[in-house]
S.K.: 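One structure, as structure tokens, below. Some questions next.
All values below come from the heavy atoms of this structure, side chains included, with hydrogens, waters and symmetry mates left out. When a ligand or atom number is given, it counts from 1 through the structure's own listing order. We number each residue from 1, following the sequence as shown.
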Amino acid sequence: MTLLSQDPNWWKTATIYQIYPKSFCDSQAKGTGDIQGIISKLDYLKHLGVDAIWLTPIYQSPMIDNGYDISDYYSVNPDFGTMGDFDELLAQAHQRGIRIVMDIVVNHTSTEHHWFQSALGDKNSPYRDYYIWKDPIDGGEPNNWESKFGGNAWELDEKTGQYYLHLFAKEQADLNWENPTVREEVKRVIQFWAKKGVDGFRLDVINLISKQQDFPSDDSGDGRKYYTDGPRVHEYLREISDAVFQKYGSVTVGEMSSTTLEHCQQYSSLDQKELSMVFNFHHLKVDYPNGDKWTAADFDFIQLKQIFNTWQTGLNGKGWGALFWCNHDQPRVVSRLGNDTEYRVESAKMLGAAIHMMQGTPYVYQGEEFGMTNPGYQDLAQYRDVESTNMYDIMVSHQGVSHSDMMDILRQKSRDNSRTPMQWNATNNAGFSGGTPWLDIANNYQEVNAENAVADLNSVFYFYKRLIELRKQVPVITDGTYLDLAPEHSQVFAYLRESGNQQLVCINNFYDNPVDYTLPSNIGVSQAKCILGNYRTSQADIQCEVQQLQPYEVRILLIERNVEA
Ligand code: GLC
């Protein structure tokens, strides 16, 4: 018996919960989370009401990039458990009506993968052409492309004198998708997991797989224009989709790095010849002044609204987007765009509503559902993330940034901000582990934890639960068009969703001071009902064109016009 919905479009009204297994729940007191830990929390996830879990990589890996460096696609990292544990997770999740989405990392493999080990130092290896090798130019790197984690993107293979490409860490070698055998291997991997009954796949940096084959140096940038949304990417995705995704009815979400709306319309086009939906990150670059992540900066609120406007209207009727603020690469949203002290609860709810009431499929990252915050580390030694430690090295040792400025930047921008262990309760180690956690827990765990949230009907947890339910109950959330009602307002983000006889208005105050906001007169406020909010408001308040909003207040208004026979 399965509780899984049989609707092939189930993911359009679904909410997907992201688990970073290393930091979720440790069943064995070793300081790192595992699959049995996840199984023990399935009832919690069921209570929240999510439809699927996206598991970040659990495969065999040296863990240089916490599993995004895979050394064997067909086995489970023993730190997380066994294949038997995985099968049990799949069965137990399905019994509760929860689907499983696996992370597929096929832009690159770990340099410990046996393909790379065979290819390294041997031009005649059958696996040499699985990777991208180039001769030196002028005695140095083949071009000036930069690794996303800092430094040049090429590493020398001393024995053969050639360089291999790594767009990420040097331990993550890019696969050569031009080689049809590589594409066959990728299909085999995905098929293996689909056959097991896995319901879907999240495809890591999938728009980087096709590189421009003349590999030119980039006069004006880091090289990304030569491999982002590259020449054959759509062809490759259609090939994989045709061979595997469509056959197994898998839901797919592609992680699209520095992409464009036009490409995303195609990746996620409604005929589903490529993918079901896309993650793009433009809305999370509003605190990267001039595109530079590694500066401490406030966010640009007007730009944030413009980006949502472009993507919400641009994908409507053409493709499908993932809705998210948080993941394992992003700082906690309540610390980033909200207020993680005085208005933590209010701003966490407001931010949740602001994103969940848009069109797309929402993703909730572990701990977001009760307002977990950045940890505010004071000590460099507390950081573990390869990107953060690389950037510290480059910026402090080579670019003259001071230690204290860099610490400010890391406190705001490091990926470790979201990777701190899940705060389950107020006991030792936040109930995450009986051993020493691999990464320090945020100091606020005695107050901010899942147990407290579940015990309090006014918590962020129940607000998220309601957002998840509303998507299933109110069709305009899934189907409606999108209109920004106040694009120039310096403090309020208000948008209208409309379809059939329903209008939904989501009004958000993004700041910590009260504000008045006047709704346009064509919105039928006299019939409006507030279906969710984070402050108590009277019906009279709602039926007035002027909305007086408290700090970080959100109101979701539903207007159902009477349809005359
Ligand atoms: C994606 C992952 C990130 C990883 C990178 C390289 O962006 O989300 O965690 O480091 O790809 O695989």
Side-chain angles (χ1 to χ4, degrees), residues 16 18-24 54-71 73 77 101-113 116 131-132 145-151 153 155 164-175 177 186 189 201-209 211 222-224 227-229 233 252-259 267 275 277-285 288 293-294 322 324-332 363 365-366 368 383-391 413-420 438-439:
I16 302 184
Q18 184 192 350
I19 291 185
Y20 196 67
K22 192 169 181 179
S23 298
F24 192 64
W54 152 30
L55 276 186
T56 65
I58 53 154
Y59 316 94
Q60 186 77 254
S61 162
M63 299 296 272
I64 298 288
D65 189 19
N66 283 345
Y68 284 93
D69 47 328
I70 298 174
S71 55
Y73 291 98
N77 182 341
V101 172
M102 298 285 278
D103 215 314
I104 297 288
V105 188
V106 285
N107 175 66
H108 45 265
T109 72
S110 161
T111 50
E112 286 191 16
H113 194 290
F116 190 84
Y131 298 92
I132 300 169
W145 295 5
E146 284 169 29
S147 151
K148 306 251 179 204
F149 293 164
E155 188 72 11
Y164 67 86
L165 179 69
H166 62 89
L167 293 181
F168 294 88
K170 66 179 190 319
E171 296 85 356
Q172 293 166 299
D174 279 54
L175 282 165
W177 277 68
V186 168
V189 167
F201 301 97
R202 177 262 188 194
L203 298 143
D204 189 63
V205 290
I206 200 66
N207 66 328
L208 310 186
I209 56 179
K211 280 84 176 167
D222 61 6
R224 70 182 65 193
Y227 56 76
T228 303
D229 302 317
V233 64
T252 50
V253 52
E255 185 200 26
M256 303 301 174
S257 168
S258 303
T259 189
Y267 292 130
L275 301 172
M277 60 184 135
V278 284
F279 284 114
N280 88 81
F281 296 89
H282 294 283
H283 65 295
L284 295 175
K285 295 187 178 170
Y288 295 7
K293 168 172 174 176
W294 296 98
F324 69 107
W325 291 124
C326 301
N327 69 26
H328 64 291
D329 296 328
Q330 301 292 332
R332 293 284 178 180
Y363 285 70
Y365 177 68
Q366 62 185 46
E368 178 186 341
Y383 289 97
R384 299 278 175 277
D385 169 33
V386 57
E387 182 194 39
S388 305
T389 52
N390 275 1
M391 289 316 292
K413 299 288 171 72
S414 169
R415 304 194 299 178
D416 281 336
N417 283 311
S418 57
R419 298 178 180 184
T420 62
W438 72 280
L439 183 66

S.K.: Hey, which atoms in ligand 1 end up nearer than 4.0 Å to a heavy atom of Phe149?
M.R.: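 Close to Phe149: 10 (O).
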
S.K.: Over 60° means perpendicular and under 30° means parallel, so tell me whether Tyr131 and Phe116 are parallel, tilted or perpendicular.
M.R.: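 Because their plane-to-plane angle is over 60°, the rings of Tyr131 and Phe116 count as perpendicular.
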
S.K.: Quick one: nearest non-hydrogen protein atom to atom 8 (O) of ligand 1, plus distance?
M.R.: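 Closest protein heavy atom to atom 8 (O) of ligand 1: Asp329 OD2, 2.5 Å.
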
S.K.: Only heavy atoms of Glu255, strictly under 4.0 Å: list the atoms of ligand 1 that pass.
M.R.: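 Those atoms are 1 (C), 7 (O), 8 (O), 11 (O).
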
S.K.: Under 30°, 30 to 60°, or over 60°: which ring-plane class applies to Trp325 and His283, parallel, tilted or perpendicular?
M.R.: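 Because their plane-to-plane angle lies in the 30° to 60° range, the rings of Trp325 and His283 count as tilted.
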
S.K.: Would you check if the distance from the ring center of Trp54 to the ring center of Phe324 is below 6.0 Å?
M.R.: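 Between Trp54 and Phe324, the centre distance exceeds or equals 6.0 Å.
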
S.K.: Tell me, which protein residue and heavy-atom name are nearest atom 10 (O) of ligand 1, and how many Å apart are they?
M.R.: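 For atom 10 (O) of ligand 1, the nearest protein heavy atom comes out as Asp65 OD2, 2.5 Å.
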
S.K.: Checking side chain to side chain donor-acceptor pair (under 3.5 Å) between Tyr68 and each of Asp103, Thr56, Asp204, which is the one that passes?
M.R.: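 So, applying the side chain to side chain donor-acceptor pair (under 3.5 Å) to Tyr68 and each of Asp103, Thr56, Asp204, only Asp103 qualifies.
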
S.K.: Need the ligand 1 atom indices (1-based, order shown) with element for anything under 4.0 Å from a heavy-atom of Arg415.
M.R.: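 Every atom of ligand 1 under 4.0 Å from some heavy atom of Arg415: 3 (C), 4 (C), 9 (O), 10 (O).
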
S.K.: Among Lys413, Lys148, Lys293, which residue meets the side chain to side chain donor-acceptor pair (under 3.5 Å) test with Glu387?
M.R.: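 Result for side chain to side chain donor-acceptor pair (under 3.5 Å) with Glu387: Lys293.
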
S.K.: Any idea which protein heavy atom is nearest atom 11 (O) of ligand 1, and the distance to it?
M.R.: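 Heavy-atom neighbour on the protein nearest atom 11 (O) of ligand 1: Asp204 OD1, 2.9 Å.
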
S.K.: Please confirm whether Gln330 comes under 4.0 Å of ligand 1, counting heavy atoms of the residue only.
M.R.: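 No, Gln330 has no heavy atoms under 4.0 Å from ligand 1.
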
S.K.: Anything under 30° is parallel, anything over 60° is perpendicular, the rest tilted; go ahead and classify His328 against Tyr365.
M.R.: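 Taking Tyr365 first and then His328, their aromatic rings sit tilted (interplane angle of 30° to 60°).
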
S.K.: Atoms of ligand 1 less than 4.0 Å from His328 heavy atoms?
M.R.: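 Matching atoms, with element in brackets: 2 (C), 3 (C), 8 (O), 9 (O).
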
S.K.: Hey, does His108 sit under 4.0 Å from ligand 1 if you only count heavy atoms?
M.R.: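 Checking ligand 1 against His108, which is what was asked, there is a heavy-atom contact under 4.0 Å.
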
S.K.: Between Arg419 and Asp329, is the closest basic N to carboxylate O distance under 4.0 Å?
M.R.: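 Salt bridge: yes.
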
